[in-house]
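Counting starts at 1 for both ligands and their atoms, in listed order. Since this is a predicted model, take the numbers as computed values, not measurements.
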Amino acid sequence: MVNIGKICNNCNCELKKYDKVYRTIRVKGGVKMKVKIQRYQCPKCKHIYRELPEDLYPHKQYESEIIDGVVEGLIDSSTLGFEDYPCEMTMKRWRKEHEESEDE
Ligand SMILES: [Zn+2]
């Protein structure tokens, strides 16, 4: 893997490290864990970018594994082993978002 640095989508400038933020995510079993997210800023347009861990979806409080399971229909409220499954409303929203993104 070659590290070519982070580039701004707007102006193709190389991003500079900005700060670090912590996000709490919920994993299987209802365990909460904190993940560190490095933020970058474009020196030109000042846009802030976040470097998300690969297994994390932005703005989602659940593991991507669970989200994918819901979207693919593998997990629902009756699935064993997911005691802390997202509520039905949340799962519906994910499925809807997924369908909408496929339409594009
Ligand atoms: Zn920029």
Side-chain angles (χ1 to χ4, degrees):
M1 210 169 87
V2 184
N3 188 2
I4 52 162
K6 313 236 170 247
I7 304 294
C8 177
N9 294 333
N10 298 326
C11 34
N12 289 328
C13 275
E14 195 175 337
L15 303 178
K16 305 290 178 202
K17 278 189 180 180
Y18 182 64
D19 66 0
K20 290 182 182 115
V21 292
Y22 290 87
R23 171 179 283 272
T24 303
I25 63 163
R26 266 205 299 178
V27 297
K28 273 170 282 190
V31 179
K32 287 185 179 177
M33 57 180 270
K34 276 191 171 178
V35 293
K36 189 177 70 182
I37 296 166
Q38 177 71 52
R39 294 204 298 178
Y40 294 86
Q41 186 177 40
C42 173
K44 203 168 166 186
C45 69
K46 307 298 181 194
H47 190 90
I48 304 273
Y49 291 86
R50 286 169 171 215
E51 182 184 60
L52 289 172
E54 280 184 10
D55 61 345
L56 205 68
Y57 280 55
H59 314 303
K60 298 278 199 300
Q61 293 292 106
Y62 294 92
E63 269 186 311
S64 59
E65 186 187 335
I66 297 177
I67 297 174
D68 288 342
V70 170
V71 167
E72 287 163 23
L74 303 173
I75 296 171
D76 61 28
S77 49
S78 64
T79 304
L80 295 175
F82 286 92
E83 290 174 16
D84 194 44
Y85 61 81
C87 73
E88 200 63 41
M89 282 286 287
T90 303
M91 290 196 282
K92 273 182 186 154
R93 201 184 69 230
W94 288 346
R95 292 190 193 110
K96 194 164 173 292
E97 282 175 4
H98 183 70
E99 281 162 17
E100 281 169 1
S101 65
E102 279 189 337
D103 288 343
E104 280 169 14

[X] to [Y] - nearest heavy-atom pair and separation:
X	Y	answer
E14	P43	O-CD, 3.3 Å
I7	L15	C-CG, 4.0 Å
C45	N10	SG-ND2, 3.7 Å

Worked verdict on R39 versus Y49 for side chain to side chain contact (heavy atoms under 4.5 Å, CB included): CA-CA 6 Å; R39 294 204 298 178; Y49 291 86; over 6 Å; no
Taking the Zn ion (ligand 1) as the center, what protein N, O or S atoms are found at less than 2.8 Å? C8 SG, C11 SG, C42 SG, C45 SG
Distance check, rounded to the nearest 0.5 Å: K44 atom NZ versus C11 atom SG?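 So the NZ of K44 and the SG of C11 are separated by 5.0 Å.
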How would you list, by chain and number, every residue that makes a side chain to side chain contact (heavy atoms under 4.5 Å, CB included) with K20, sequence neighbours excluded?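 Partners of K20 by the side chain to side chain contact (heavy atoms under 4.5 Å, CB included) criterion, ordered by chain and then number, come out as K36, Q38.
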